[in-house]
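Working notes for the structure below.
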Amino acid sequence: MRMQDKAQFDKENVFGLGQPNAAYAQYFTGHSYLNPLTKAGECPVFLANVTFAPGCRNNWHIHHAKSGGGQILICTAGEGWYQEEGKEAVSLTPGMVVTIPANVKHWHGAKKDSWFSRIAVEVPGEATSNEWCEPVDDAAYGALEPSC
């Protein structure tokens, strides 16, 4: 489904757009928005709805952990991409769940013609940290197929 109509996307994005993701903007190509669903430190699991404007994606990154850790993405609206290093990109649509093991280099974001929203679940673990790496190559991202 092609998501060029922002008003329609907003109706489907039931967890809300949130505020510009200024704290992490340096790790994104394009505009993203953050809507925390739990408060860090008050709940053992941090949940946030992150919305990506068309063409927005985060840099390659790694969720490190000695044990446990990683991330779970719950796709809620629009269409996006997820890719692990050395593998083909996976098309994301609402209802899909992506389990990202700790210590796996990856990126995720919107398709170039679609808004995309997903809930990020930070999986608890021992000695967890995030490492932000290089941006996703513009040519490689541009070669991915648009929405159907």
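Everything numeric in this text was worked out from a predicted model, so none of it was measured.
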Q: Could you verify whether a donor N or O on one side chain and an acceptor N or O on the other, from Ser32 and Asn58, lie under 3.5 Å apart?
A: no

Q. Any side-chain heavy atom of Val14 within less than 4.5 Å of one from Thr76?
A. no

Q: With the side chain counted from C-beta on, respond yes when Ile72 and Val98 share a heavy-atom pair under 4.5 Å apart, and no when they do not.
A: no

(Q) Any donor-acceptor pair under 3.5 Å linking the side-chain atoms of Glu122 with those of Gln71? (A) yes

Q | Asn59 and Cys133, any side-chain heavy atoms less than 4.5 Å apart | A | no

Q: Start with the C-alpha gap between Glu134 and Lys105, add the side-chain angles, then the distance that decides, and say whether salt bridge (Lys or Arg N to Asp or Glu O under 4.0 Å) holds.
A: CA-CA 11 Å; Glu134 72 279 3; Lys105 189 174 181 181; 3.0 Å; yes

(Q) If we check ring-ring contact (aromatic ring centres under 6.0 Å, His included) with Phe52, which of these qualifies: Trp115, Phe9, Tyr24, Phe28? (A) Phe28

Q: Go through the side-chain N and O atoms of Lys66 and Thr128 and say whether any donor and acceptor fall under 3.5 Å apart.
A: no

Q. Would you call the rings of Tyr82 and His106 parallel, tilted or perpendicular, where under 30° means parallel and over 60° means perpendicular?
A. tilted

Q) Side chains of Leu73 and Ile119: does their closest heavy-atom pair fall under 4.5 Å? A) no

(Q) Between Val90 and Ile100, is there shared hydrophobic-cluster membership here, with clusters defined by ILVMFWY side-chain heavy atoms closer than 4.5 Å? (A) yes

Q.
Would you say Arg57 and His108 are linked by a side-chain donor-acceptor pair, where the criterion is simply a distance under 3.5 Å?
A. no

Q) Side chains of Cys75 and Phe116: does their closest heavy-atom pair fall under 4.5 Å? A) yes

Q: For the residue pair Asn103 and Pro101, establish whether any side-chain heavy-atom pair is separated by less than 4.5 Å.
A: no

**Q.** Same apolar cluster (I L V M F W Y, side chains within < 4.5 Å links), Val123/Leu47
**A.** yes

Q) So, His64 and Glu131: side-chain donor and acceptor under 3.5 Å apart, yes or no? A) yes

Q: Determine whether Leu37 and Phe15 make a side-chain contact, defined as any pair of heavy atoms from C-beta on separated by less than 4.5 Å.
A: yes

Q. For Asn35 and Thr51, does a side-chain donor sit closer than 3.5 Å to a side-chain acceptor?
A. no

Q | Contact check, side chains of Trp60 and Glu85, non-hydrogen atoms, under 4.5 Å | A | yes

